[in-house]
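Residue numbers start from 1 in every chain, and the chains themselves are labelled A, B, ... in the order their sequence lines are given, proteins ahead of strands.
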Number of protein chains: 2
Amino acid sequence: MAPSTGTTTGGVTIGQAAAFAGVTVKTVRHYHQHGLLDEPPRDSSGYRRYGSADLLRLVQVRTLATAGVPLAEVRPLLDADTEQFTAGLVDVEQRLTERIADLIARRDTLRQLTEGDRLLLPDRALAILDRLTDLGFDPDYVASQREALVLARALAPELFDIFLTQLEHRLDDPGFVDLTKRGWDARSWDPDDHRIDDLASALADNLLANPEHLALPTDYQPRPDDVTRYGLINHHLEDHAPTWTRLNTLVEAKLRAAGVPIPHQ
Amino acid sequence: MAPSTGTTTGGVTIGQAAAFAGVTVKTVRHYHQHGLLDEPPRDSSGYRRYGSADLLRLVQVRTLATAGVPLAEVRPLLDADTEQFTAGLVDVEQRLTERIADLIARRDTLRQLTEGDRLLLPDRALAILDRLTDLGFDPDYVASQREALVLARALAPELFDIFLTQLEHRLDDPGFVDLTKRGWDARSWDPDDHRIDDLASALADNLLANPEHLALPTDYQPRPDDVTRYGLINHHLEDHAPTWTRLNTLVEAKLRAAGVPIPHQ
DNA sequence: TGTGAAGCCTGACCCGAGGTCAAGGTCAAC
DNA sequence: GTTGACCTTGACCTCGGGTCAGGCTTCACA
C-alpha cells in the first residue's frame with residue numbers, strides 16, 4: 001500500500017528483514033527476482049533498506065508460501081479482492097489434498113513391499129515360491145522363478161493371476177513337479193542330448209493331459225504384442241541355461257501341433 | 001518354458017520396454033544416465049536392445065520409484081541384501097510420512113486462512129478488528145491496525161498475545177477509545193499544531209492511569225533487537241500520517257519519563 | 001521401390017523453491 | 001588497520017523427468 005520506510009533509521013537490512021520473517025537472505029532476494037516483493041530503496045552503499053510496509057508484504061508472502069501456495073500464485077492472490085482470495089486458497093488447498101493422497105498411496109505401496117517380506121510380489125506369488133522351496137526345488141530355480149513372476153506381473157498384469165492359478169495346479173501334480181525338476185537338471189546337458197527330446201515329449205504330454213495346467217479365461221482377448229511379451233517372460237530363464245532354449249522350443253512345437261494357443265507358461 | 005522371439009531377435013527397443021514398464025522413453029534414458037539401469041547392448045544401427053533381464057531390472061526400479069524411493073537410493077537398495085533392503089524401505093517410508101505430515105500441516109494452515117474469513121490473523125485478532133469497526137472507527141484506521149497486527153505477529157510472536165490483551169483492555173475504556181479517535185483525526189493536522197501536545201499528554205496520562213493498558217508479563221526478557229522490532233511495529237502507521245511521528249514521539253517520551261519501559265503499542 | 005510416418009539417437013534447456021559457492025564491496029568493533 | 005560479519009551480483013546445483021531440435025533408421029503402405 002504505502003511506500004517504504006519513512007522512519008528515522010531508514011529501514012533495516014536484508015539480513016534483519018529475513019531474520020524477522022524467519023527466512024534466509026537468499027529467499028528474500030528470490031522473492032524480489034520473481035516479482036513477489038518490490039525492491040526497497042537502497043542506501044548510499046547499495047544495500048537494500050526495508051521499511052515496515054516492505055516487511056508487512058514479506059510476512060504476507062511468507063505466510064502464503066509456507067501454507068503451500070506456489071510462489072507464482074502469491075502475487076495475484078495478494079492483489080485480489082476477498083472473494084478471489086478465498087477462492088484461490090480453496091483451489092490451492094484442493095491441490096495440496098491431491099498431493100497428500102498421492103504420497104499416502106506411495107507410502108502404502110512401500111509398506112506392502114516391506115511387509116510382503118521380500119521383493120515386489122503379492123502374497124499369493126510368495127506362497128508359491130515358498131512351496132517350490134518346500135518341494136525341494138533348487139534355490140537357484142526358485143530365484144529364477146521369482147524373477148519370471150516379477151516380469152510377468154509387469155508385462156502381462158491381466159494374466160498374472162491366471163499364471164498363478166496354472167502354477168498352483170501344476171504343483172499339485174507330482175508328475176509335473178518331477179518333470180520340472182528333471183528339466184532344471186537338463187540345463188547343464190549338451191543341447192544335442194537326446195534325453196531332451198524325451199523330456200520335452202513327457203512335458204507336453206503332461207500339459208495336454210491336464211487341461212487346468214494350461215487353462216485360460218474363456219473371454220481372453222489376444223493383444224498384438226503378446227508374442228513379444230510372453231517370449232520375454234518364458235525365455236527369461238534361458239539366459240541362465242542355454243539348453244533350455246531347445247527344450248522350450250520342442251515343448252512349444254508339440255503344444256502348437258496339438259492346437260494349444262499361446263500363451264502358456 | 002515356451003514361445004520364441006526373445007533370444008533370436010536380441011530384445012525389444014526402448015519404446016517397447018518403456019511401454020511395458022508403463023513409463024516414457026525419456027524416463028528410461030534418464031535411468032541409464034543416472035546409473036540405475038545398465039546400458040543394454042546396441043544393434044547395428046545404434047538402437048538399444050532390451051532383454052528380459054534388462055526389463056526385469058527396469059520393473060524393479062520402477063516399482064521402487066513409484067513407491068516414493070528417491071532415485072539416488074534405488075540402486076543401493078536393489079544391490080543390498082534382504083535385511084538392508086527392508087531397513088532401507090522402512091527409512092524411506094518414514095521420510096514419506098514426514099513429508100505427508102508437513103503437507104497436512106500446510107493444508108491446515110491454509111484452511112485456517114480460508115475459514116478465518118480474511119488475511120493472516122487468528123480469530124482473537126479478527127474479533128478485535130471487528131470491535132474497532134463496531135466502535136465507529138474509520139475503516140482506514142481498522143485496515144492500518146490490521147497491518148500492524150500482522151507485522152506484530154511476525155516480528156514479536158512472543159508478545160503478540162500480550163498486545164492483544166492490552167488492546168482488549170484499552171477498548172474497554174471509553175476514555176481511551178475517544179482519545180484514539182482524536183489521535184486518528186490528528187493525522188491531518190499540521191505537525192506543529194499545539195493540540196498534538198495536549199493529546200499526547202492525555203494519552204500518556206490515560207495509559208499511566210490504567211496499568212493493564214501497558215501490562216507486560218513479569219518474566220519478560222528483553223532481546224537486543226527490541227528497539228528495532230517495536231519501532232517497526234509502532235511506527236507502521238506513520239507511513240500514512242506524518243503527524244503521527246510527532247504524536248508517538250511525545251507519548252513515548254512521557255512514558256519513559258514516568259519509568260515505563262518500551263515495548264508498548 | 002519409393003515415400004511418409006513413426007521411432008530412435010544425442011544434446012540442450014525448462015520447471016519450483018530456493019541452496020551453495022565465488023569474488024568482491026561495506027561496516028562496526030577492537 | 002585489521003578482522004569478521006554482512007552486503008552485492010552472478011552462476012551453477014538440486015529432482016524427476018518434459019519438451020524441443022536436428023538428424024538417422026525402420027516399417028507399412030502404395
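In this structure, Asp43(A) places its CG atom 11 Å from C1' of dT8(D), rounding to the nearest Å. Rounded to an integer number of Å, the gap from CZ of Arg99(A) to C1' of dG16(D) is 13 Å. Separating the CZ atom of Arg29(A) from the C1' atom of dT8(D) is a distance of 7 Å, rounded to the nearest angstrom. Remark: C1' of dC12(D) and NE2 of His30(A) are 15 Å apart, rounded to the nearest angstrom. Between the C1' atom of dC27(C) and the CD1 atom of Ile14(A) lies a distance of 16 Å, rounded to the nearest Å. Atoms CZ (Arg95(A)) and C1' (dG16(C)) sit 13 Å apart, rounded to a whole Å. Atoms CD (Gln16(A)) and C1' (dC6(D)) sit 10 Å apart, rounded to a whole Å. dC15(C) atom P lies 13 Å from atom CD of Gln33(A), rounded to whole Å.
Distances were taken from every side-chain heavy atom of Arg42(B) (C-beta onward) to each of dC7(D), dC9(C), dG19(C); the shortest belongs to dC9(C). Among dA17(C), dA11(D), dG16(D), the nucleotide with an atom closest to any side-chain atom of Leu71(B) is dG16(D).
Between atom NE2 of residue His30(B) and atom CG of residue Leu37(B) there is a gap of 11.5 Å, rounded to the nearest 0.5 Å.
The number of heavy-atom neighbours closer than 6.0 Å to CD of Gln94(A), taken from other residues, nucleotides and ligands shown, is 12 or below.
Using a 4.0 Å cut-off between charged side-chain N and carboxylate O, Asp38(B) and Arg57(B) make no salt bridge.
Side-chain nitrogen and oxygen atoms of Thr13(A) include none within less than 4.0 Å of the OP1 or OP2 phosphate oxygen of dC6(D). Proximity of Ser45(B) to the phosphate of dT26(D): a side-chain N or O atom is located under 4.0 Å from OP1 or OP2.
Using a 4.0 Å heavy-atom cutoff across all strands shown, Arg48(B) reaches sugar-phosphate atoms only and no base atom. Residue-level contact check: Arg62(A) touches the backbone only, with heavy atoms under 4.0 Å from sugar-phosphate atoms and none from bases.
Checking His34(A) against Gly46(B), the closest nucleotide of DNA chain C that is more toward the 5' end is the one next to Gly46(B). Where Tyr47(A) and Thr27(B) each meet DNA chain D at their nearest nucleotide, the meeting point lying more 5' is that of Tyr47(A).
The shortest non-hydrogen separation linking Thr66(B) to Arg106(A) is O-CG, 3.1 Å.
When each of Leu89(A), Val61(A), Asp91(A) is tested with Leu77(A) by the rule side chain to side chain contact (heavy atoms under 4.5 Å, CB included), just one qualifies, namely Leu89(A).
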